Amino acid sequence: MCGIFGMIGANAVGNTLQALKYLEYRGYDSAGVAARVGDEIHIYKSAGRIQNLERLLPKGVESNIAIGHTRWATHGAVSTENAHPFYSPNKHFAVVHNGIIENYLTLKSQLSARGAKFSSQTDSETVAHLLQSNYSGNVLGTVLATANSLVGSFAIAVTSTYDSNLYAIKNKSPLVVGVSGKCVYLCSDIRCVSHWAEKVAVTPDETVVVVGDKGVYFFDFEGKMKEVSFFTTDAAEEMEQVDGDFMLKEIYEVPTKIRLAKEGYFKDGGLNIDSETVRRFTRIYLIGCGTAYNSGLQIAAVARKLIDIDILPVIASEFIYDSYPCGTDTLALFISQSGETADTIRAAEKVRKLGGYTYAVTNTKTSQLSFVCNKVANIYAGGEFAVASTKAYNCQLVTLLLLMLDIARIRQTLDDKVYAEIVDGLDALPMAIEQILSNSYEIATIAEKVKDSSAVFYIGRTCDYPTACEGSLKLKEISYIHSEAYPAGELKHGTLALMEKGVTVVAISTDGELKEKMSSSMNEVATRGADVVSVSPYTFQDALCITLPKVHTALYGIVSVVPLQLLAYYVAKRLGRDVDKPRNLAKSVTVE
Ligand code: M6R
């Protein structure tokens, strides 16, 4: 949700443009660059995709200092005037910002009372005005004064004509600093910085960063120097570019990544909570948003059969404002691919405050969420850049399941034989998923029919209901077809009224004992005119059948979602959608 970049070093404008292409997954409403050219700052910005910015950037702008931005609009419409960077009125400062300045209306009215004129509707422009108004002849002092008047979440990069440093202010929005020889980079995403930097540092909250000829310095908001350590980056964390769609590439990576998720879990030592603490827990929350919530829903359905305490999946934004019981007897697992999702981080902060044990399950071990939580499990999905999450979901399921199995063993509610069957069963999944992928043309053919549906309902019972939720989310977010998921038995309590010709129902049915019940649900919708697609190891009359390979019952969720990921992808492609960057969305949702 907005990406910022800044650098000091050769080819600053070219590299900033390149970085913005990497960061575009964070927002694609507009993009812009500010470059120090001689004694001036030149700003180039445009609404829409990076290509629009690229077209208006003059070739070969010579600059050693540049900052850039990709926007996901929060305050102010999608327009060039609301695009970052923003000048201060005297053009001596330029800023880019990711986050929300919560007190911007107060600041704006104070500045307006002193005659300031704003050119945008954004909260971010306030920062540029504040810098000018606070300028005292010393840029660091000015940046510190500005930092102290801001409330909210922000990663801000600042360039000024008064000196040749680059500055950043960071609180609650991600900011990584990278160094390679004489070049220094500021960026929202560690994977992007890893592309250039040999060493990186994750900037802590309430920090001002100064990048200059003499190196990189970190200060708290009082101006006291801070020690922040740099570490060598992992090549696996580098960002990539692909010729086709990231989403399809990422679905095809599922078999490899789930293998890595399992290996990584054991390599990292498993659950890593002492047995006495685990026995003390009386409830487990699985908290996340969107796809991450669905993975919690899925694992809760599996783990309820294995563990003797309450296991509750909760949507993070609901957890923050509701009154779920929580104390020292509570384990809360926070699931987030990015580790940046504001709702999930706020929920983790709440659990910490209430004395609960917080555990991050994330794809980004250096993320804000990881710092908030007591423990972190890495899901090892590798960089995921399509807005629609795919491989991260499968890897979340593997990691969460292994965590639950460890808890069950410590609490002695799972015998060794069943444990071994499930853990060994994981090894069969990559091949099972390869089998589905090799038949993707069948799913593409079904997509051809589904694409004309007026609405698509996904149904399933118990462990298949979360898969229905995830399939439905995938379809609606990238195809824009109306879609809902229901427990199959619930249809007859209202939703059946919507069944008619033109509607498609996708039925997930992996539990042999519930097969007949699912068959009845399919008949009920088919007799009312809906087309039915089944996703199952069994076949059903009058349905287009996507056949699943047989796997351990506890593991079906990891496999049965793959045809649904492919179905969503092919439907969206056939409708001509931008599958990697669906309208109105962004990959990281860093605002509540
Ligand atoms: O980075 P997170 O896992 O915390 O993101 C949570 C959701 O925003 C995310 O899963 C979203 O629902 C995806 N776009 C779904 O494909």
Side-chain angles (χ1 to χ4, degrees), residues 1-3 25-28 72 173-174 188-191 245-248 250-251 254 286-299 313-320 332-348 359-370 372-373 376-397 399-400 458 466-467 469-480 483 485 561-562 564-569 572 577-592:
M1 192 157 274
C2 294
Y25 75 92
R26 300 178 68 89
Y28 29 88
W72 185 84
S173 293
S188 304
D189 187 322
I190 192 166
R191 293 184 178 99
D245 297 313
F246 271 110
M247 184 179 175
L248 192 63
E250 288 162 4
I251 297 171
V254 170
L286 293 149
I287 299 173
C289 307
T291 288
Y293 167 72
N294 289 340
S295 70
L297 203 61
Q298 169 66 239
I299 290 305
V314 191
I315 290 174
S317 54
E318 290 294 298
F319 190 92
I320 306 169
L333 295 163
F334 294 91
I335 313 154
S336 173
Q337 187 282 129
S338 62
E340 279 184 39
T341 303
D343 290 327
T344 310
I345 294 170
R346 294 296 93 79
Y359 205 124
V361 177
T362 178
N363 203 21
T364 319
K365 56 183 192 286
T366 52
S367 62
Q368 186 86 5
L369 180 67
S370 308
V372 170
C373 289
V376 185
N378 188 347
I379 62 164
Y380 292 100
E384 188 183 70
F385 303 110
V387 165
S389 189
T390 53
K391 62 177 178 170
Y393 177 77
N394 305 74
C395 292
Q396 281 160 357
L397 294 184
T399 308
L400 287 167
Y458 287 71
T467 310
C469 293
E470 180 55 11
S472 169
L473 175 62
K474 229 58 329 154
L475 184 84
K476 76 179 88 162
E477 83 174 312
I478 60 169
S479 74
Y480 319 147
S483 177
V561 74
V562 175
L564 304 183
Q565 294 167 339
L566 285 171
L567 183 66
Y569 172 81
R577 311 295 190 220
D578 184 343
V579 288
D580 282 346
K581 297 187 178 74
R583 68 186 183 198
N584 307 337
L585 299 177
K587 184 75 179 159
S588 304
V589 186
T590 54
V591 292
E592 259 193 60

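None of the values given here were measured: they were computed from a predicted structure. In each ligand, atom 1 is the first atom listed, and ligand 1 is the first ligand listed.
- Residue contacts with ligand 1: Ser588 is excluded, as none of its non-hydrogen atoms falls under 4.0 Å.
- A donor-acceptor contact closer than 3.5 angstrom links the side chains of Ser389 and Glu384.
- Proximity of a side-chain donor or acceptor of Asp343 to a complementary backbone N or O of Gly288 within less than 3.5 Å is not detected.
- Protein heavy atom in closest approach to atom 10 (O) of ligand 1: Thr291 N, 3.1 Å.
- The heavy-atom pair separating Ser370 from Thr364 by the smallest distance is OG-O, 3.4 Å.
- Between Phe385 and Glu250 the shortest heavy-atom distance is N-OE2, 2.7 Å.
- Ranking protein heavy atoms by distance to atom 7 (C) of ligand 1, first place goes to Cys289 O, 3.5 Å.
- Here the shortest heavy-atom pairing between Lys474 and Ala388 reads CE-CB, 4.1 Å.
- Minimum interatomic distance between Gln565 and Asn394 (heavy atoms only, all atoms of both residues): NE2-OD1, 3.2 Å.
- Which parts of ligand 1 touch Ser338 is read off a 4.0 Å heavy-atom cut-off, strictly below it: atoms 1 (O), 2 (P), 4 (O).
- In summary, the atoms of ligand 1 found under 4.0 Å from a heavy atom of Ser336, numbered by their order in the structure, are 1 (O), 2 (P), 3 (O), 4 (O).
- Between Glu477 and ligand 1, an N or O atom pair is found at a separation short of 3.5 Å.
- Contact atoms of ligand 1 toward Ala292: 3 (O), 10 (O) (distance under 4.0 Å to a heavy atom of the residue).
- Close approach of ligand 1 to Ala388 (heavy-atom distance below 4.0 Å) involves ligand atoms 16 (O).
- Residue Lys587 places no N or O, backbone or side chain, under 3.5 Å from any N or O of ligand 1.
- Atom OG1 of residue Thr362 and atom CD of residue Gln337 lie 7.0 Å apart, to the nearest 0.5 angstrom.
- The nearest heavy-atom contact from the protein to atom 3 (O) of ligand 1 is Gln337 N, 2.6 Å.
- No option in Ser317, Cys289, Ser588 other than Cys289 meets the side-chain contact (heavy atoms from CB on, under 4.5 Å) test with Thr341.
- Regarding atom 13 (C) of ligand 1, its nearest protein heavy-atom neighbour is Val387 O, 3.7 Å.
- Each of Leu286, Ile320, Ile287 was compared with Val314 under the side-chain contact (heavy atoms from CB on, under 4.5 Å) criterion, and only Ile287 meets it.
- Between Ser472 and Ser483, the shortest heavy-atom contact is OG-OG, 2.8 Å.
- Scanning all protein heavy atoms for the shortest distance to atom 8 (O) of ligand 1 gives Val589 CG2, 4.0 Å.
- Counting heavy atoms closer than 4.0 Å to ligand 1, residue Glu340 contributes nothing at all.
- Close contacts between ligand 1 and Gly290 involve ligand atoms 12 (O) [criterion: under 4.0 Å to a heavy atom].
- Annotation for ligand 1: atoms under 4.0 Å from non-hydrogen atoms of Lys474 are 15 (C), 16 (O).
- For atom 4 (O) of ligand 1, the closest heavy atom belonging to the protein is Thr341 OG1, 2.4 Å.
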